[in-house]
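Not measured: the values here are computed from a predicted model. Note that these values count all heavy atoms, side chains included, but never hydrogens, waters or copies made by symmetry. Residue numbers start from 1 in every chain, and the chains themselves are labelled A, B, ... in the order their sequence lines are given, proteins ahead of strands.
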2 protein chains.
Amino acid sequence: MSTSAAAPTRREQILSEAARLFAERGFHGVGVDEIGAAVGISGPGLYRHFAGKDAMLAELLVGISERLLTGGRRRVEEADGDPAAVLASLIDGHIDFALDDRALITLHDRELDRLRDADRKLVRQLQRQYVELWVAVVRELHPGVGEAEVRVAVHAVFGLLNSTPHLGTPGREATESLLRRLAHGAFRALSA
Amino acid sequence: MSTSAAAPTRREQILSEAARLFAERGFHGVGVDEIGAAVGISGPGLYRHFAGKDAMLAELLVGISERLLTGGRRRVEEADGDPAAVLASLIDGHIDFALDDRALITLHDRELDRLRDADRKLVRQLQRQYVELWVAVVRELHPGVGEAEVRVAVHAVFGLLNSTPHLGTPGREATESLLRRLAHGAFRALSA
DNA sequence: CGCCTAGGTTAACGACCGCTAACGGCCCTG
DNA sequence: CAGGGCCGTTAGCGGTCGTTAACCTAGGCG
């Protein structure tokens, strides 16, 4: 394993707490003093680890987008040739991500506009590539449906899967299987 | 007609522009000067119409929640007795709302925590009642499914329908019918 | 031992922001 | 025509926030 670590480094602690706070109260609603306090240091001590508050948000959003895209690509390769299996795997992966990192999911489509231009463009590009993964496989499964409609449907299913932050989960397993069924049901209705 | 007006009053102008700006850059990311400039007056002139920035957000969120709930109740009454017709009507109504007032949909689940305690409780209560409308009718249609699961499904479909802000609509009619199909497909998969 | 680096601390600055104060013009009404 | 809301304006206050500066301490190492 390359990027996994047993004990989280200080940088990772900060990122994790910042993600939680940003998701709870919004980027502008959280002060650097609060982020520092959440990891036991106070205020400007954060600047030993990050260039600024913007840099934390940027690293979070770029990281999410990269992880989503990388995981998606791996799943497409693993189930190559069988579009139905690819789609099922993409759905499962997205559900895992949504349930494991609710805070990041929230940030992902909420605070994108707070980034500097370069970072925002990078994140947008990664997001777009991730969407293309889904669009390609869904188009294989529903050849009669136009590309624009498929794109809308993919975004809509993202909205469905990303709704997890709003609900008090009634058991991880049950939620997982329920979301899976709902997502498949939505796609199934595409060319009905 | 009681509340409709031909020419928008200044208050309504302000609310409309504030909604747009809040949705674009977040509540904390928009200054009162910007809101004023958007309606042609500048800065503190807003205080002739609202007690403060918080009051604008409060009125927006309470207004959305009330309109959603009122519209939902009306639809339940109109199609009384036929659960399938009620659900179809609720879905259509929610789609209309999502497509007509994207900015408000965005605010609705993004800036709730910026409200004063009393306002937040009111909005939460209205939201909960609206959800209950959906849960009741979906449970009638899927008697075998537990209440917690139905609630999750309803929230998930809200996420699906509210995904409209993210996409560049390819024609209002087409988007409307597409979202309708996806939502029905998701619910259909509930007890499969 | 002496020193450098890593990772903290507190103080303070400059910018911004929400809001109030004080003021003025327009228009309607008696 | 006098007066009073209504609806603006500008000036400025008080607080907060991101960031920098200056300083301190512990630990590894030649």
In whole angstroms, the gap separating P of dT20(D) from CG of Asp33(A) amounts to 15 Å
Atom CG of Leu21(B) and atom P of dC17(C) are separated, to the nearest Å, by 13 Å
Exercise for the section: Taking Ser163(A) for its side chain and Leu160(A) for its backbone only, find out whether a donor-acceptor pair lies under 3.5 Å. Expected result: yes
Whole-Å distance, Arg10(A) CZ to dT9(C) C1', equals 14 Å
Ile41(B) atom CD1 is separated from dC7(D) atom P, nearest whole Å, by 10 Å
In whole angstroms, the gap separating C1' of dT20(D) from OH of Tyr47(A) amounts to 9 Å
> Heavy atoms under 4.0 Å, any strand shown: does Val39(A) hit a base, just sugar-phosphate, or nothing?
Replying inline: nothing
Rounded to whole Å, the NE2-P distance (His49(B) to dC19(C)) equals 15 Å
Between Arg181(B) and Glu149(A), is there a salt bridge with N-O shorter than 4.0 Å? yes
Taking any heavy-atom pair under 4.0 Å as a contact, classify Gly45(A): base, sugar-phosphate, or nothing. base
Charged N-O contact under 4.0 Å between Glu17(A) and Arg20(A): yes
Open item on the list: So Gly43(A), base contact, sugar-phosphate only, or nothing? Heavy-atom distance under 4.0 Å.
Closed with: nothing
Side chain to side chain donor-acceptor pair (under 3.5 Å) with Tyr130(B): of Gln125(B), Arg73(B), His94(B), only one passes, and it is His94(B)
Here the distance between atom P of dC7(D) and atom CZ of Arg11(B), to the nearest Å, is 11 Å
note: Leu46(A), atom CG; dA6(C), atom C1'; distance rounded to Å ~ 15 Å
Taking dA11(C), dT20(C), dT9(D) as options, the one with an atom nearest any side-chain atom of Pro44(B) is dT20(C)
On DNA chain C, more 5' by nearest nucleotide between Arg48(B) and Lys53(B) is Lys53(B)
